[in-house]
Amino acid sequence: MDTDEFWRLIDTARARTTNEVPFDEALVDVLTRCPKEEILAFEARFDTLHDALYRWDVWAAAYLIGGGCSDDSFMDFRAGLIAQGRTWYERACASPDVLADHPEVVAVAAEDSDEALFHEEVNYAADDAYEQLTGDPDAFDKAYDDYLVAHPEAGGSNTGTPAGEDFDFDDDAEMHHRLPRLSALFLGHLEKSA
């Protein structure tokens, strides 16, 4: 599955999202209309895009937006960025500080909540769709492993360590330096020492 097709499926699910039907459910519904092989290809592209966000600067953005961010929460944040669609994904990939413009992030900063952009269930949409098609809750993992063996170029390349330079997310001055706009939203303006 090429990148354009992947984002077309994401956009279709976004268009079907309502207050009653969250994005992850809409995405599962969209994927169940695809052949099983296409669901596996979707998951491979998802993993690649998800892994591309496995960077210290993106994690720092998630840390600010979420008021902290564990390993698991960072997975959910990256899935949430993918759920925002191609434009927001690419903007955040280029510069995570641009998320200071995202309406959900602005709302969270104003309300002191941690709900923006963390969407755990999106991580499992392909698995859920595959289960709906096969009726077998265990079929996806084996089928996906077989798919990756047959398509070694597909799927993510997560090495276990985030890309980029590690830095202290609890150092307000460092966060202001690296993510000035998000830091201004969530940490306030840094007092300059005389």
Side-chain angles (χ1 to χ4, degrees), residues 7 10-11 13-14 17-28 43 46-128 156-194:
W7 289 118
I10 293 289
D11 288 345
R14 288 181 55 75
T17 300
T18 66
N19 288 338
E20 294 78 33
V21 181
F23 174 80
D24 61 283
E25 290 178 18
L27 182 56
V28 169
E43 180 67 10
F46 179 89
D47 285 352
T48 298
L49 294 168
H50 198 261
D51 286 354
L53 293 170
Y54 194 56
R55 302 183 344 222
W56 290 112
D57 58 343
V58 177
W59 200 336
Y63 190 87
L64 286 169
I65 293 166
C69 185
S70 67
D71 294 359
D72 286 344
S73 292
F74 188 39
M75 285 179 54
D76 303 343
F77 182 79
R78 290 179 285 151
L81 281 178
I82 292 169
Q84 300 309 301
R86 187 177 201 159
T87 299
W88 275 110
Y89 174 88
E90 289 178 351
R91 289 181 71 196
C93 244
S95 173
D97 204 33
V98 76
L99 292 171
D101 295 331
H102 193 285
E104 285 184 38
V105 173
V106 172
V108 164
E111 297 170 12
D112 195 28
S113 167
D114 62 357
E115 295 299 314
L117 306 182
F118 290 82
H119 298 289
E120 177 181 8
E121 294 305 317
V122 174
N123 287 306
Y124 312 110
D127 190 339
D128 292 346
S157 59
N158 188 337
T159 63
T161 303
E165 182 183 356
D166 186 4
F167 57 97
D168 184 358
F169 298 167
D170 291 318
D171 181 335
D172 288 359
E174 187 68 21
M175 292 295 266
H176 273 278
H177 171 72
R178 293 182 186 256
L179 298 166
R181 297 178 63 226
L182 281 171
S183 294
L185 274 177
F186 290 96
L187 301 175
H189 295 286
L190 190 65
E191 296 294 325
K192 296 199 186 249
S193 57

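Treat the numbers as computed from the prediction; the structure is a model and nothing was measured.
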Interatomic spacing from [atom1] in [X] to [atom2] in [Y] - rounded to 0.5 Å:
X      : Y      : atom1 : atom2 : value
Glu90  : Leu81  : CD    : CG    : 12.0 Å
Met75  : Ser70  : CE    : OG    : 10.0 Å
Asp47  : Ile82  : CG    : CD1   : 8.5 Å
Leu117 : Ser73  : CG    : OG    : 12.5 Å
Phe46  : Leu27  : CZ    : CG    : 8.5 Å
Trp88  : Asp101 : CH2   : CG    : 5.5 Å

Worksheet item: If you measure from the Lys or Arg side-chain nitrogens to the Asp or Glu carboxylate oxygens, is any gap between Asp11 and Arg86 under 4.0 Å?
Response: no

Could you report the tightest heavy-atom contact between [X] and [Y], atom names first, then the distance?
X      : Y      : result
Leu182 : Val105 : CD2-CG1, 3.9 Å
Ala116 : Ile65  : O-CG2, 3.9 Å
Trp56  : Gly164 : CD1-O, 3.3 Å
Ala60  : Phe167 : CB-CZ, 3.4 Å
Ala26  : Val21  : N-CG1, 3.9 Å
Cys93  : Ala52  : SG-O, 4.4 Å

Looking at side-chain heavy atoms only, is the closest gap between [X] and [Y] below 4.5 Å?
X      : Y      : result
Phe74  : Tyr63  : no
Phe77  : Val58  : yes
Ser183 : Asp172 : no
Glu174 : Asp168 : no
Tyr124 : Val28  : no
Gln84  : Arg91  : no

Between [X] and [Y], is there a donor-acceptor pair closer than 3.5 Å when you use the side chain of the first and the backbone of the second?
X      : Y      : result
Arg14  : Phe23  : no
Asp128 : Ala125 : no
His50  : Arg78  : no
His176 : Asp171 : no
Trp59  : Cys69  : yes
Tyr89  : Leu49  : yes

Worksheet entry | Partners meeting side chain to side chain donor-acceptor pair (under 3.5 Å) with Asp57 (sequence neighbours left out) |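 Asp57 satisfies side chain to side chain donor-acceptor pair (under 3.5 Å) with Arg55 only.
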
